[in-house]
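Okay, handing you the structure first.
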Amino acid sequence: MSAHSVEEIKQGSDRLRGTLRQSLADPVTGALAETDQVLIKYHGSYQQDDRDLREERRQSRLEPDYSFMIRTRTPGGVITPAQWLGLDAIATTYAERGLRITTRQAFQFHGVIKGRLKATMQAINAQMIDTLAACGDVNRNVAVAANPLQSRAHAAVYAQAAALSEHLLPNTRAYYEIWLDEERVAGSGSEDEPVYGQAYLPRKFKIGFAIPPVNDVDVFAQDLGFIAILEDGELAGYNVSIGGGMGATHGDPETYPRLADVIGFVTPDQVIAVATAVVTTQRDYGNRAVRKRARLKYTLDDRGVHWFTQEVERRAGVSLSPARHFDFEHSGDRFGWVEGHDGHWHLTLRLLSGRIQDGPDGAHLTGLREIARVHTGDFRMTPNQNLVIARVPAERRALIDALVEAHGLAGFRTASPLRLKSIACVALPTCGLAMAEAERYLPTLTDKIEALLSAHGLLDAPILLRISGCPNGCSRPYLGEIALVGKAPGRYNLMLGADHRGQRLNALYRENIDEPQILAALDPLLADYAAQRRPAEGFGDFLVRTGVVTPRIGIPLELAS
Ligand code: SRM
Ligand code: SF4
């Protein structure tokens, strides 16, 4: 759909109401009217169809097998055990394929049919979780370093991120009227949108809070990043980064992944003003004529980071201080038990592509349900589709460990680093943009790459593997040391050479190749890596040092030692 049409739909939507009510009530089709398919995203849902069945249904002259994906707004991915049980029941009653943790610490439900959409939304809200602004041209779920209770500073960062998420919610009551039967109050000024205006943002907008030394949120892939600076264990403030983004279109040099620029330092009390100024500057200067160039990263490249920063400072009434030193050791998650500042323990579990269901690998949905029934702390989804069972008293660790073992959730103890660090986006069969498999292909691909690693004595190498079913980059593949980006069924671009700290993008190594070609390309590179790597040298760093790939521009090294 053209940028012009999307802008018109937003402007004419009566603050995101459109004709959603009529579309939902229409019994003739499982789909929504075209304009409502755009608007429902702002309510946290996408219309999809089962792509495995598309051809068969077309031949039978049936409409596609329409259903809806629903995404929660769960800043920092924190939920209580009671909420877990509620969401599990919703997944079991209304959705297909269990619960799915996303790369932004949200839950997705897939396969909800139109007639059950409202009941599902109501059930989610009954858990005190909403889906407002989980999708659409607004600020999305705010990502936060997982395991926030590891120190007092972590808790402070999480609280700040949750407050920012609330602050940036649209004020429209459409969501509450359509899904929760709230009465419309005529002439109310409470729906004014001082941040978004009538047309919302030119494009989606993403914020992440990172806490060094772990860059689990991939902060430089976010439109707006806050990198916590701790002094003597306390939160001094944040370095601010702007203009990250992953999405690109094959063969179109006007689009590209970009890492964010670090523009300065703010104190905690300046966060809301600076974030609001970044959002409103992008609202006013982002490209509304060409949708594929509408993200903040292109506004910066078109107008200059310096100009944009000055505008943000003017709007916020804040002068950014010089950025402070920070040091990321790695991206991805830490696994296993870690003790928090208050003596509670946190256990990070590995979940394959974030999909939680009962299957041949274990009764994961059942197991986490059993854990939620006895757990006294909370759950934290990680930005890498994994799960932290957080705030466990020391004396309850054995109980949790027993449930983890009994339900096949202890894979993190034996899995190779490659497997632990791999991420795949959803892709087929639900994603309408997928060109190739990702989530369903990850287990096979990992087996095959592991066999290569084993042959070269590299099974313990912590290589970051990422697969996306298309160049939009939902698994943040351009930050993978090895990444596959879908081109066509069974065919991928092989990208190599990112670092393991989320500070250098990878580069195209081979285009449009199939699995045998991918393995054949990797085999000699892994052999060289095994023979010539320096102590602690990552695979991506090795490929860059030896000139196999030329890195794209990364984060200035003087800030990131
Ligand atoms: Fe994404 C579109 C899934 C994180 C970049 N993304 C989609 C859609 C909604 C397809 C569509 O538009 O029809 C996918 C739904 C698939 C499905 O069936 O569920 C989808 N994106 C996902 C999730 C579920 C991937 C996952 O496996 O976990 C992630 C949900 C995050 C959340 O909870 O909010 C997800 N998407 C990302 C990320 C990673 C991140 O945010 O850290 C990116 C790259 C960062 C970025 O935004 O640049 C990402 N998704 C995109 C894009 C490209 C945007 C761009 O400006 O270039 C699209 C396509 C679009 O917006 O037109 C897209
Ligand atoms: Fe779909 Fe592409 Fe995102 Fe994968 S990367 S979920 S295929 S839009």
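For ligands, and for the atoms within them, numbers begin at 1 and follow the listed sequence. As a basis for the values below, the full set of heavy atoms in this structure was taken, side chains included, without hydrogen atoms, waters or symmetry mates.
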contact_flag Lys292 ligand 1 heavy-atom lt 4.0 Å: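 It does not, in that no heavy atom of Lys292 comes within the 4.0 Å cut-off of ligand 1.
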Among all protein heavy atoms in this structure, tell me which lies nearest to atom 44 (C) of ligand 1, with the distance rounded to 0.1 Å.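 For atom 44 (C) of ligand 1, the nearest protein heavy atom comes out as Gly473 O, 3.2 Å.
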Indicate, as side chain, backbone, both or neither, the part of Cys474 found under 4.0 angstrom from ligand 2 when only non-hydrogen atoms are considered.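 The answer is both.
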Side chain, backbone, both or neither: which applies to Arg203 and ligand 1 if a contact is any heavy-atom pair less than 4.0 Å apart? side chain
Identity and separation of the nearest protein heavy atom to atom 2 (Fe) of ligand 2: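 Here the closest protein heavy atom is Cys470 SG, 2.3 Å.
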In this structure, does ligand 2 have an atom that sits under 4.0 Å from one of the heavy atoms of Gly473? yes
Asn141 touching ligand 1 at heavy-atom level, < 4.0 angstrom: no
Atom 24 (C) of ligand 1 [closest protein heavy-atom partner, distance rounded to 0.1 Å]: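 Closest protein heavy atom to atom 24 (C) of ligand 1: Gln108 OE1, 3.0 Å.
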For the atom pair CD (Gln222) and OG (Ser241), what is the distance rounded to the nearest 0.5 Å? 8.0 Å
Between ligand 1 and Thr103, is the shortest N or O to N or O distance under 3.5 Å?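 For ligand 1, there is an N or O atom that lies under 3.5 Å from one belonging to Thr103.
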Say whether Glu439 and ligand 1 are in contact under the criterion: heavy-atom distance to a ligand atom below 4.0 Å. no
SB check Asp252 Lys292 (cutoff 4.0 Å): yes
Report yes or no: does a heavy atom of Arg295 sit under 4.0 Å from some atom of ligand 1? yes
